[in-house]
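Notes for the one structure printed next.
Residue indices begin at 1 and follow the sequence shown. The figures here come from the full heavy-atom set of this structure, side chains too, leaving out hydrogens, waters and symmetry mates.
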Amino acid sequence: MDCKFVNFSNHPTSKWGKKQLEAALQYGELEDFPFPVVPPAMNENDVRRLADKYAEQLLKLYGAKTTVHVMGEMTFTFMVVTRLKELGIRCVASTTERKTTYNEDGTKVSEFSFVKFREY
């Protein structure tokens with residue numbers, strides 16, 4: 001298979017459930033590409049430079065026949081997706097259903113169930 005599905009997030013495919021793995025494999029062979037730490041104090045220009053750097057790395061490593069699953073820090077994600085799309089690379093996000101439980105002590109537990117990938 002020539003096509004790749006690159007998981008560019010903080011959630012490695014080794015931790016994904018069967019449904020999400022099967023959906024990802026429809027796009028191509030799976031690869032994990034670690035998502036960087038994006039410091040909250042970083043300014044927009046530095047975030048853009050970082051996003052451009054990662055977009056170029058993804059293109060160089062995997063080529064244009066790639067679908068990239070991008071999930072992470074929102075402004076960086078937006079900038080990476082924008083750049084990848086300019087380069088002709090398909091980008092998707094994972095969609096989930098959330099089940100939230102509130103405990104007696106006031107803590108909240110959220111459980112996410114994968115539904116599908118949605119194109120940016």
Side-chain angles (χ1 to χ4, degrees):
M1 178 181 300
D2 290 343
C3 299
K4 298 273 187 189
F5 181 91
V6 178
N7 172 38
F8 186 40
S9 77
N10 288 317
H11 305 281
T13 55
S14 62
K15 305 287 187 197
W16 288 6
K18 181 180 177 183
K19 183 177 179 182
Q20 189 168 6
L21 287 170
E22 288 175 351
L25 286 167
Q26 298 302 308
Y27 292 92
E29 183 182 337
L30 302 182
E31 296 274 347
D32 283 312
F33 191 83
F35 201 88
V37 172
V38 182
M42 186 179 269
N43 70 44
E44 290 83 0
N45 288 330
D46 289 340
V47 173
R48 184 168 286 103
R49 277 192 288 278
L50 187 64
D52 287 345
K53 173 185 158 189
Y54 273 86
E56 294 296 332
Q57 285 179 349
L58 287 160
L59 177 63
K60 183 178 179 180
L61 286 171
Y62 302 108
K65 287 186 179 182
T66 301
T67 298
V68 181
H69 171 247
V70 187
M71 298 291 290
E73 196 279 336
M74 295 302 295
T75 57
F76 178 80
T77 293
F78 175 79
M79 291 176 192
V80 166
V81 168
T82 300
R83 184 70 181 119
L84 289 174
K85 288 177 69 74
E86 289 170 356
L87 295 168
I89 296 174
R90 176 191 290 168
C91 298
V92 297
S94 48
T95 65
T96 60
E97 288 182 355
R98 178 172 49 183
K99 179 182 174 187
T100 304
T101 305
Y102 294 92
N103 297 323
E104 288 183 21
D105 65 0
T107 59
K108 177 173 77 169
V109 177
S110 294
E111 186 178 316
F112 296 89
S113 299
F114 174 79
V115 175
K116 69 176 188 169
F117 291 107
R118 180 181 298 139
E119 195 162 337
Y120 282 99

Less than 3.5 Å apart, which donor and acceptor atoms pair up between the side chains of residues 12-20 and the rest of the protein, not counting sequence neighbours?
unit_1 : atom_1 : unit_2 : atom_2 : d
T13    : OG1    : D32    : OD2    : 2.9
W16    : NE1    : H11    : O      : 3.1

F8 versus P34, closest heavy-atom pair with distance: CE1-O, 3.3 Å

For H69 and M71 the tightest heavy-atom approach is NE2-CG, 3.3 Å

F33 side chain near L61 side chain, heavy-atom distance below 4.5 Å: yes

Sequence neighbours excluded, which residues qualify as side-chain hydrogen bond (donor to acceptor under 3.5 Å, both in side chains) partners of [X]?
| X | value |
| --- | --- |
| T75 | E73 |
| E31 | K4 |
| N103 | T107 |

More than 12 heavy atoms of other residues, nucleotides or ligands under 6.0 Å from CD of E86: is that the case? yes

Acceptor/donor pairs from residues 108-120 side chains to any protein atom, 3.5 angstrom cut, sequence neighbours excluded:
unit_1 : atom_1 : unit_2 : atom_2 : d
Y120   : OH     : V70    : O      : 2.6

Kindly determine whether Y27 and V92 satisfy side-chain contact (heavy atoms from CB on, under 4.5 Å), including the steps that lead there. CA-CA 10 Å; Y27 292 92; V92 297; 4.1 Å; yes

Pair L30, L25 - check side-chain contact (heavy atoms from CB on, under 4.5 Å), show working. CA-CA 7 Å; L30 302 182; L25 286 167; 3.7 Å; yes

Measuring from atom CG of L84 to atom CZ of R90, what distance do you get when rounded to the nearest 0.5 angstrom? 13.0 Å

Indicate every side-chain donor-acceptor pair of residues 47-58 with a distance under 3.5 Å to a residue at least two apart or in another chain.
unit_1 : atom_1 : unit_2 : atom_2 : d
R49    : NH2    : D46    : OD1    : 2.3
E56    : OE2    : R83    : NH2    : 2.8

